[in-house]
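Shown next, in structure tokens, is the structure this report addresses.
When reading the values below, keep in mind they use all heavy atoms of this one structure, side chains included, and skip hydrogens, waters and symmetry mates. Lettering follows sequence order; numbering is per chain, from 1. All figures in this text were calculated on a predicted structure; none of them were measured in a lab.
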2 protein chains.
Amino acid sequence: MNETTETLTIGVLAEAAGVNVETIRFYQRKGLMQEPDRPQGGIRRYGDADLARVHFIKSAQRLGFSLDEVADLLKLEDGSHCTEAREQAERKLADVRARLADLQRIEGALQGLVERCCAASGQVQCPLIAALQAA
Amino acid sequence: MNETTETLTIGVLAEAAGVNVETIRFYQRKGLMQEPDRPQGGIRRYGDADLARVHFIKSAQRLGFSLDEVADLLKLEDGSHCTEAREQAERKLADVRARLADLQRIEGALQGLVERCCAASGQVQCPLIAALQAA
DNA sequence: CTTGACTCTGTACTTAAGTACGGAAGTAAG
DNA sequence: CTTACTTCCGTACTTAAGTACAGAGTCAAG
């Protein structure tokens, strides 16, 4: 019962996954997906597992994982490495929180600049430019 | 009184600005800084204005501006385009806020995954992996 | 006057995540 | 059977922000 029907061409698979055909090939070259056998010089066929794999990659990317990190996650795929997977997700979470803190500092600084800018008119120099000059 | 002393070599300038010599040259190629004249095939000298320029670029980068955007800001440098500068900063602020919102969604999703992961032990598959599979 | 450090110039390489292309071969419709 | 579309394969190009390097010239100290 493990034989899911492999009926999709690469073009249909790409379409279904919402990515470019070249992206599929690129993932294959990267080792993120393996290519099905080619029946006597014919055309490769793909199945639901391949579609799920593309979804996995894209979901992980949306959560901020790089393709190299996705490759690490895929090594844990058999389900017996739950702890490692969680640890990696925790590292990524810490990472995301650090980036959040950075962006919040930047937001505050930009907002301050925008408010000061042109509030004081008749100035020799634009406060925004001056602030960047000095910082 | 506009003649600030131009005494720094490119190495000293880079050191003072905390960047690589090659970075200075790269900014010159990009048109973000102009190169001082070369006295009869000699060595170029840099002054405080050049140092301020590097600081400006680096500050703007820290606020999330790309080098192309920095180039745009630099065109407004004479102080008579305060409004344009503010508009650009406002666009960047909106941009930063959008990225903040994205990251916050990601944070929530990752945190949820980490919490569910291994909370349910004895599972066939790791919930984190399964969630990415399905998403 | 030589040595070693620095500068100048141009070109090439780096990373990440793809995208584009050219030519050959397979495949489906009419 | 021909035409048109895909697929396959390998290679090259893209963007951003630099980094690295080779070969030639310059400069200051000893």
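- We find the CG-CG distance between Leu100(B) and Asp95(B) to be 10.5 Å, quoted to the nearest 0.5 Å.
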Going through the checks in order, is the side-chain hydrogen bond (donor to acceptor under 3.5 Å, both in side chains) test met by Arg53(A) and Gln34(A)? CA-CA 10 Å; Arg53(A) 171 60 56 98; Gln34(A) 90 271 47; 5.4 Å; no

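- The main-chain N or O of Gly64(A) is found under 3.5 Å from a side-chain atom of Lys92(A) such that the two form a donor-acceptor pair.
- No donor-acceptor pair under 3.5 Å is formed between the side chain of Arg86(B) and the backbone N or O of Val114(A).
- You'll find the side chain of Arg105(B) stays beyond 4.5 Å of the side chain of Arg62(A), heavy atoms only.
- Between Ile57(A) and Met33(A), the closest heavy-atom pair is CD1-CG, 4.2 Å.
- In this structure, CZ of Arg44(A) is placed 14 Å from C1' of dT6(D), rounded to the nearest angstrom.
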Table of protein N/O atoms under 3.5 Å from nucleotides 23-30 of chain D N/O atoms:
none

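- Take Arg91(B) and apply the salt bridge (charged side-chain N to carboxylate O under 4.0 Å, His left out) test, not counting sequence neighbours, and it matches no residue.
- Heavy-atom distances under 4.0 Å link DNA chain D to no residue of residues 88-99 of chain B.
- Note that CG of Leu110(A) and CG of Leu63(B) are 5.0 Å apart. Values are rounded to the nearest 0.5 Å.
- At least one side-chain nitrogen or oxygen of Arg25(B) sits closer than 4.0 Å to the OP1 or OP2 atom of dC8(C).
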Under 3.5 Å, which donor-acceptor pairs link side chains of residues 11-27 of chain A to any protein atom two or more places apart or in another chain?
from     : atom 1 : to       : atom 2 : distance (Å)
Asn20(A) : OD1    : Glu22(A) : N      : 3.1
Tyr27(A) : OH     : Lys58(A) : NZ     : 3.1

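- Judged by distance alone, the side chain of Glu69(A) and the main-chain N or O of Ser66(A) form a donor-acceptor pair under 3.5 Å.
- Using a 4.5 Å cut-off on side-chain heavy atoms (C-beta onward), Asp72(B) and Glu84(B) make no contact.
- One can place CD of Gln28(B) at 12 Å from P of dG10(C), the figure rounded to the nearest angstrom.
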List the protein contact pattern of nucleotides 14-21 of chain D with one symbol per nucleotide (5' to 3'): B for base contact, S for sugar-phosphate-only contact, - for none; contact means a heavy-atom distance under 4.0 Å. ---BBBBB

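- One finds the CZ atom of Arg44(A) at 11.5 Å from the CG atom of Asp50(A) (value rounded to the nearest 0.5 Å).
- Between Thr9(B) and Arg45(B), the shortest heavy-atom distance links the atoms CG2-NH1, 3.3 Å.
- In the helix from dC1(C)-dG30(D) to dG30(C)-dC1(D), the terminal helix axes, each the rotation mapping four pairs' C1' atoms onto the next four within five end pairs, subtend 10°, rounded to 10°.
- For the pair Glu35(B) CD and dT7(C) C1', the computed distance is 12 Å after rounding to whole Å.
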